[in-house]
Amino acid sequence: MPAARESLLDAAFAALEGRPWPRVKMAEVAAAAGVSRQTLYNEFGSKEGLARALVRREADAYLSGVERALSGVSGAAGPRERLAAAAVWTVRSATENPLVRAVLTGCWNDRLPTPVRTAPPGPLPAPGELLGQARDRAVRLLAGDWPPGAVELPLACEAVARLALSYVVAPAPAADVARMVRTVLA
């Protein structure tokens, strides 16, 4: 039931925008998704299972956005510009999505689901692990385009990921992070 699963996750995310997770009711999520409560429980097992799946989906969507930015989908041509685009995506994604911000920073509040890192549908990454996954994708996608004689690619990708995270923790306009990345990698 992939369509029902996505509808349920969308409904849970929408409910979370309106009220704290402890006040989100499973019956409301099911009704908003147009399925029965039993379908919701069959799919996720519990409210905690729904929370894990929701956080996992948002973390995966963040990583997919990093890949799009690094692939040059946003129109960025060179590897430095693509790294800058990934940094901007990180800042914007964390600014707009409290679950992405929480997964990236490890700062969870009482409005969000409590993270459970070890249960299905796959363990949730710790902040350093998620940052490492973003870095590893950057290295893989930029390896063929990285200029010879430039700073070592894995080090540059790590630095950009951590720089972007600093903009998430200490907010500033997303465009500033792109300028900073270009300056640091010049």
Report, one line per pair, each donor and acceptor closer than 3.5 Å where one atom sits in a side chain of residues 20-31; sequence neighbours left out.
from, atom 1, to, atom 2, distance (Å)
E28, OE1, R19, NH2, 2.3

Pair up each side-chain donor or acceptor in residues 98-107 with any protein partner under 3.5 Å, not counting sequence neighbours, and list the distances.
from, atom 1, to, atom 2, distance (Å)
R101, NH1, V168, O, 2.6
R101, NH2, V168, O, 3.2
T105, OG1, R101, O, 2.7
T105, OG1, C107, N, 3.1

Only pairs under 3.5 Å count here: list side-chain donor-acceptor contacts from residues 178-186, not counting sequence neighbours, and write none if there are none.
from, atom 1, to, atom 2, distance (Å)
R182, NE, E81, OE1, 3.1
R182, NE, E81, OE2, 2.7
T183, OG1, R179, O, 2.9

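Here the closest non-hydrogen pair linking A86 and L70 is CB-CD2, 3.8 Å. Taking each heavy atom of L63 and A134 in turn, the nearest pair found is CD2-N, 3.9 Å. Nearest heavy-atom pair, C157 versus A138, reported as atom, atom and distance to 0.1 Å: SG-CB, 3.5 Å. Annotation for P154 and V139: closest pair CA-CG2, 3.6 Å, computed over non-hydrogen atoms.
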(request) Might you work through the side-chain contact (heavy atoms from CB on, under 4.5 Å) test for T95 and Y167, ending with a clear yes or no? (result) CA-CA 10 Å; T95 300; Y167 276 74; over 6 Å; no
(message) Could you go through Y62 and T90, starting from their C-alpha distance and side-chain angles, then the distance that decides it, and tell me whether this counts as side-chain hydrogen bond (donor to acceptor under 3.5 Å, both in side chains)?
(response) CA-CA 8 Å; Y62 160 72; T90 296; 2.9 Å; yes
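Under the side-chain hydrogen bond (donor to acceptor under 3.5 Å, both in side chains) criterion, the residue pairs touching residues 137-164 are E67-R137, E67-R140, R82-D145, R135-E158, E158-R162, with sequence neighbours excluded. Identified under the salt bridge (Lys or Arg N to Asp or Glu O under 4.0 Å) test for residues 104-114, with sequence neighbours left out: none.
Each of L141, L142, V88, L163 was compared with L83 under the side-chain contact (heavy atoms from CB on, under 4.5 Å) criterion, and only L142 meets it.
For the atom pair CD of E17 and CG of N97, the computed distance is 8.0 Å after rounding to the nearest 0.5 Å.
In this structure, the side chains of Y41 and L50 stay at 4.5 Å or more apart for every pair of heavy atoms. The shortest distance between side-chain heavy atoms of F44 and L9 falls below 4.5 Å.
Counted by atom type alone, S36 and T39 present one or more donor-acceptor pairs between their side chains at under 3.5 Å.
Salt bridge annotation for D10-R57: present, with a cationic side-chain nitrogen under 4.0 angstrom from a carboxylate oxygen.
With sequence neighbours excluded, the residues that form a side-chain contact (heavy atoms from CB on, under 4.5 Å) with P147 are P79, R80, A150.
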